[in-house]
Amino acid sequence: MSIELNPQQSEAVRATEGRYLVLAGAGSGKTRVLTERIAFLIREKKISTERILAFTFTNKAAAEMRARVGKSIGTQSPPFWVGTFHSTGLKILRREAKSIGFNNNFAIYDEDDSLNLIKDIVKKKGWKLDEYPPSILRNRISRWKNALVTPEEALEKAMDAVEELQADVYGRYCRELKKCNAFDFDDLITRVVELFTVNHRIKERYARQFKYVLVDEFQDTNTIQMVMIDMLASMHGNLFVVGDEDQAIYGWRGAAIENILHFDRLYENTVIIRLEENYRSTGNILEASNALIVNNIGRKGKRLWTRKEAGDPIRLYYCEDDGGEASSVRDAIMSLLRGGYGRNEIAVLYRTHAQSRALETAMMRGGLPYQIIGGVRFYERKEIKDLLGYLKLVNNPDDDVNFRRVINVPRRGIGKMTLEKLESTAGEKNLLSAVRQPGFMDEFTPSNRERIESFSKLIAALQLKAMKETAYEVLSSVIDMISYRNYLAEDPATEQVRSENVEELLNETKRFSAYSEDPSLAAFLEEISLISDVDSLKGEEKVALMTLHNSKGLEFRAIFITGLEEGILPHYSSFDSDQEMEEERRLFYVGMTRAKEKLFLLCASSRMQFGNWTGNHPSRFLGEIPDRCCLVSGRSQTVDKKEMDRIMDDADCPADHDETAARRDSRFRVGAAVFHPSYGEGTIKAVEGTGTAMKVSVNFTGYGTKKFLASYAPFTFR
DNA sequence: CGGAGTTGAATTTTT
DNA sequence: TTCAACTCCG
């Protein structure tokens, strides 16, 4: 990248007052603009650091931004506000929790904790879990929260009996959270907005403080985040947002692309700046990316250009199966390494985590060190969640969810029946405090009484430790006191991996306790509560494997994108919606534009999915990439790209030789009642196509009509 | 209460 | 294929 800022970048850095929408193409130096702008505010405009607020997409990006600004102004760690929406919300709530009736040592429930809470509520209502899948309820509740709908309003607006029950669960869920003195993920943002709405004095205090508000990755903000931004920038009106509508890939999570498309309509006098010079990729990569993305309709439009040379052609590999694809990737990486590439300059991207398995196998066979970002995430592993459960309970004794989680881990002879009795006897009280109430345990048999009380004493001892010792010391004590290592040894098959993970967690707390200003348990729990996968990407000498979503914001000298097949990228779920199809295209675009020098695209004609083989056609997106940028190779030498495109065009025709069960299955008929694990009850409205191409349209209450490929949709019939 | 064994369901992406 | 949840028995 050039040292000097180009004219557009320079304008974006120096024009400080008012509203700015910066449309920054991939690799156009947007991070640099953001950091230079903040440095400019501090250095030239003499703005005091705590009056600047910046939002980033990950914690890692936040840390980087702070470090880069620090470097630019010559301060170690300048204390301006920078973080994700969630971590900023958390920071505000820690200070203000009292005014909305929470104790400020509240816990943060991750997805798993909330799901357990919902399961528990459903069970207590006597419902069968498979009739009311907790994940559906969680989604529904999350949507209500993000739309700022209270449980009471949800109940009023309920259209049918099912929605009434869901609203009822929503109400109970909120009350339980309050009782456990906990916030869930959504609360970290919605509660701030709620607080600001109810209490104008507090809102104004923050709005006055933040003279300058900056937002990175603006295309992936959702409606409520926009409300939060608007509130925080309401006093001074200096709002600077940077984004790229072509890189919006979180629509499925509620990101509102309208935020960026209509920003200038929302705020009069918005200045729009376009950054279109790409400093990252070579000519061929850029040309191919441009050619791909023009196929999308919903965009503001810009065309990236570069001074760089065309560089190497994009390599296209047609492979026989996923194993062949994986070994092609590995062999190509080996040759890059011989050519002087570092392992950490290479990344392999895929659409779904499930694709990583074949890649891992190939990497292991080739003795190639790799690192998976995401997958079964570290903090979601059973052994980690068990230990964190203890830590959370010690930190917040009202945490009933984690009380239930750990009371019988390792087994203490407190089973289902005893726990149920404990809960019903406790009534409205929190479990641990109930147990500690004089006389409460009289209801129980002596052996149960003994077991529960010793658990309570164990927690009490740990609580005492947590008051004066570091997170590391508390965790070590937990592991010793419950003989957790012996417990892991009971299952030799998993012992090694699990012990390694436990040691890793210990190392993590040790590092934290040594370097953090506040080494306490509470501080540690807060730190890890919002951690994401990319945050853990260290500069290690390993090839990185990750999903396309996880690659956002990163860059590598060489990029491999695998599984470029119809049904994988684009994914099946996007087939019936133009908007979702465009999001798939953007996802591919994000992946391609991560590459600085070399880009490898791979597809396989068959793939092991779920224990059986499926035949796949090459992705339609490959047909959108100009031939002149590409060099095609692969096992089927006789089949060139044009031929593949032709085959792909035929994909909609019924494959008469390949009649699947779906075709013969007369259950797929209009009017049939089906059940889908994510959308619940639905009715088939239309059936079209035959064989593997057979699609069914299903109408779900609350979700509208969705279209599925019959042979893949996880339906059950009623 | 806890373990072994069986059954059935699952794969889209995650702050 | 793999994993979680459920059932049944000691």
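A, B, ... follow the sequence lines: proteins, then strands. Residue 1 opens every chain. In what follows, every heavy atom counts, from backbone to side chain, and hydrogens, waters and symmetry copies are set aside.
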Exercise for the section: Just compare B:dT15, C:dT2, C:dA5 and give me whichever is closest to any side-chain atom of A:Lys119. Expected result: C:dA5

Practice task
Verify whether one side chain among A:Glu360 and A:Tyr370 offers a donor that lies under 3.5 Å from an acceptor in the other.
Solution key: yes

Handout entry: Quiz item: A:Thr547 side-chain donor-acceptor pair to B:dT13 base, under 3.5 Å
Key = no

Fill in the blank from the handout: Testing B:dT12, B:dT11, B:dT15 for proximity to the side chain of A:Ala354, the answer is B:dT11

Practice task
Have a look at A:Thr418 and say if it touches a base, only the backbone sugar-phosphate, or nothing, with a 4.0 Å heavy-atom cut-off.
Solution key: sugar-phosphate

Completion exercise
DNA chain B nearest-nucleotide lookup for A:Ser574 and A:Asn408: closer to the 5′ end is A:Asn408

Exercise for the section: Nearest whole angstrom, please: distance from the P of B:dC1 to the CG of A:Leu419. Expected result: 9 Å

Problem - A:His571 ring over B:dT12 six-membered base ring, under 5.5 Å and 30° - result: yes

Practice task
Check whether the side chains of A:Asn116 and A:Tyr109 place a donor and an acceptor atom closer than 3.5 Å, and report yes or no.
Solution key: no

Handout entry: Separation of the P atoms in B:dT13 and C:dA4, to the nearest angstrom
Key = 16 Å

Handout entry: A:His353 side-chain proximity, nearest of B:dT13, B:dC1, C:dA4
Key = B:dT13

Problem - Interatomic distance, A:Arg586 CZ vs B:dT12 C1' [rounded to whole Å] - result: 16 Å

Practice task
Specify the separation, in whole Å, of atom CG of A:Asp187 and atom P of B:dT15.
Solution key: 18 Å

Problem - Nucleotide nearest A:Arg411 (side chain, heavy atoms from C-beta), chosen from B:dG3, B:dC1, C:dT2 - result: B:dG3

Practice task
State whether the aromatic ring of A:Trp252 stacks on the base of B:dT13, taking stacking to mean ring centres under 5.5 Å apart and ring planes under 30° to each other.
Solution key: yes

Handout entry: Spacing of A:Tyr487 atom OH relative to B:dG2 atom P, expressed in whole Å
Key = 10 Å

Fill in the blank from the handout: Considering only heavy side-chain atoms of A:His86, the closest of B:dT15, C:dA5, B:dT12 is B:dT15

Exercise for the section: Check the distance between C:dA5's C1' and A:Leu115's CG and give it to me in whole angstrom. Expected result: 14 Å

Handout entry: Modelled atom types, side-chain donor and acceptor of A:Gln355 and A:Thr352, under 3.5 Å
Key = yes

Exercise for the section: Check whether any side-chain N or O of A:Lys552 sits under 4.0 Å from OP1 or OP2 of B:dT14, and answer yes or no. Expected result: no

Handout entry: Atom-to-atom span, NZ of A:Lys416 to P of C:dT7 - whole angstrom
Key = 9 Å

Exercise for the section: Just call it for A:Phe85: base, sugar-phosphate, or nothing, with non-hydrogen atoms closer than 4.0 Å on any strand. Expected result: nothing

Exercise for the section: Would you kindly say whether A:Ser142 and A:Asp186 are connected by a side-chain donor-acceptor distance under 3.5 Å? Expected result: yes

Practice task
Say whether A:Gln219 and A:Asp244, considering side chains only, have a donor N or O and an acceptor N or O under 3.5 Å apart.
Solution key: no

Fill in the blank from the handout: To the nearest angstrom, the OH-C1' distance between A:Tyr350 and B:dT11 comes to 14 Å

Problem - Distance test, side-chain N/O of A:Asn550 to OP1/OP2 of B:dT14, below 4.0 Å - result: yes

Problem - Short side-chain N/O contact to B:dT12 OP1/OP2 from A:Arg253, under 4.0 Å - result: no

Handout entry: Flag for A:Thr221-A:Asn259: side-chain donor and acceptor within less than 3.5 Å
Key = yes

Completion exercise
From CD of A:Glu583 across to C1' of B:dT13 the rounded distance in Å is 9 Å

